[in-house]
Amino acid sequence: MKDAIRRNFDVSVGSYEAFESETGQFAELAERLATVVDDATGDLESLLDAGAGTGASTRRLEGLAEAVVALDISWPMLRENPAGRRVQADFDHLPFGNGSFDAVVFTASLFLTPDPDRAASEAARVLRAGGVVAAVAPQGWTTADGRDAFADLSRDSRSPSAAAEVESALAGRFTLETGAWTDEVSAERLRRFHSIPAVAARLYPTLPPDERVQEARALLADVEGPLEQRWRWLIGRQA
Ligand SMILES: C[S@@+](CC[C@H](N)C(=O)[O-])C[C@H]1O[C@@H](n2cnc3c(N)ncnc32)[C@H](O)[C@@H]1O
């Protein structure tokens with residue numbers, strides 16, 4: 001599954017960047033998560049931006065620490081990242097020694113791994129004693145009457161790991177604080193989001209990228225907004 005996730009992001013660079021420059025969604029999430037981290041820590045020496053992608057999170061996290069390492073499984077995504085140090089690697093096998101970082105931050109990325117327990121254990125290993133882990137994971141879209149926006153459609157919008165699994169993986173190793181963010185978004189924004197092949201793969205994992213985007217657009221054509229998009233954020237301290 002991990003190879004499929006990497007390939008999905010490998011072919012998503014242009015559409016991801018187009019979506020981000022239109023909506024600023026990931027920069028906004030990074031801003032909120034960075035504020036949570038900053039409030040918990042103050043100035044840091046070293047921070048790992050885990051699942052850094054093309055850099056929306058990195059640009060904000062660079063304000064928190066003297067040295068930020070951008071890590072991602074997809075080199076085409078990472079190639080666009082402005083970080084001084086970029087490392088292509090998997091959350092499951094972080095190529096760093098024990099206690100290398102003051103903070104590890106997953107901005108909309110930890111839920112993408114099928115084994116968040118393993119990733120949490122690696123994050124704990126590369127953090128110094130007292131270091132901080134932070135993550136934000138999606139919790140779906142609801143309609144104005146509180147129903148799952150996908151409830152009447154022929155497809156579930158499933159991530160490899162739900163926000164609850166991300167939380168339980170981190171809770172096994174860190175003392176956690178959590179909270180929720182809710183954004184009002186248009187139905188067109190939901191459709192635009194699914195024009196990213198890596199996102200449309202939630203609905204049509206086996207179709208080729210162009211076809212899956214077309215199918216997702218057709219599936220979502222009649223969804224009406226406004227919608228509520230929900231996120232769960234988590235911050236934990238290493239014991
Ligand atoms: C939704 S993007 C978020 C990127 C970035 N944090 C941002 O704010 O724009 C998720 C990123 O996580 C990466 N990713 C997914 N699974 C991964 C894994 N197992 N190890 C490393 N990176 C992974 C993807 O390649 C993708 O670039």
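Both counts, for ligands and for their atoms, begin at 1 and track the order of listing.
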Is it the side chain (CB and beyond), the backbone, both or neither of [X] that lies under 4.0 Å from ligand 1, heavy atoms counted?
X    : answer
F91  : both
A198 : neither
A89  : backbone

_So for ligand 1, is K2 a polar contact partner (N or O within less than 3.5 Å, distance only)?_
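There is no such contact.
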*asked:* Does any N or O of ligand 1 fall below 3.5 Å from an N or O anywhere on D90, backbone included?
replied: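 Right, the criterion is met.
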*With the 4.5 Å side-chain cut-off for hydrophobic clustering, are V213 and F193 part of the same group?*
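No, no single cluster joins them.
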Can you tell me the protein heavy atom closest to [atom] and the distance?
atom                    : value
atom 6 (N) of ligand 1  : G51 O, 2.7 Å
atom 24 (C) of ligand 1 : D72 OD1, 3.4 Å
atom 7 (C) of ligand 1  : Y16 OH, 3.4 Å

*Evaluate the criterion ring-ring contact (aromatic ring centres under 6.0 Å, His included) for residue pair F91 and F106; output intermediate values, then yes/no.*
CA-CA 10 Å; F91 299 151; F106 296 90; 5.1 Å; yes
Closer than 4.0 Å to some heavy atom of [X] - which atoms of ligand 1 meet that?
X   : value
S74 : 25 (O)
M77 : 27 (O)
G53 : 4 (C), 27 (O)

Inspect the surroundings of [atom1] in [X] and state if more than 12 heavy atoms from other residues, nucleotides or ligands are less than 6.0 Å away.
X    : atom1 : value
D39  : CG    : yes
R85  : CZ    : no
E224 : CD    : no

[Y]/[X] salt bridge by N-O under 4.0 Å criterion:
X    : Y    : answer
R32  : D183 : yes
D115 : K2   : no
D3   : R6   : yes

*With under 30° as parallel and over 60° as perpendicular, where do the rings of Y16 and F26 fit, or are they tilted in between?*
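Rings of Y16 and F26: parallel, as their planes differ by under 30°.
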*asked:* Under 4.0 Å, counting heavy atoms only: does A108 come that close to any atom of ligand 1?
replied: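 For ligand 1, residue contact (heavy atoms, under 4.0 Å) with A108 is present.
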*To which of I73, L29, T107 does the heavy atom nearest atom 22 (N) of ligand 1 belong?*
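Selected option, by shortest heavy-atom distance: I73.
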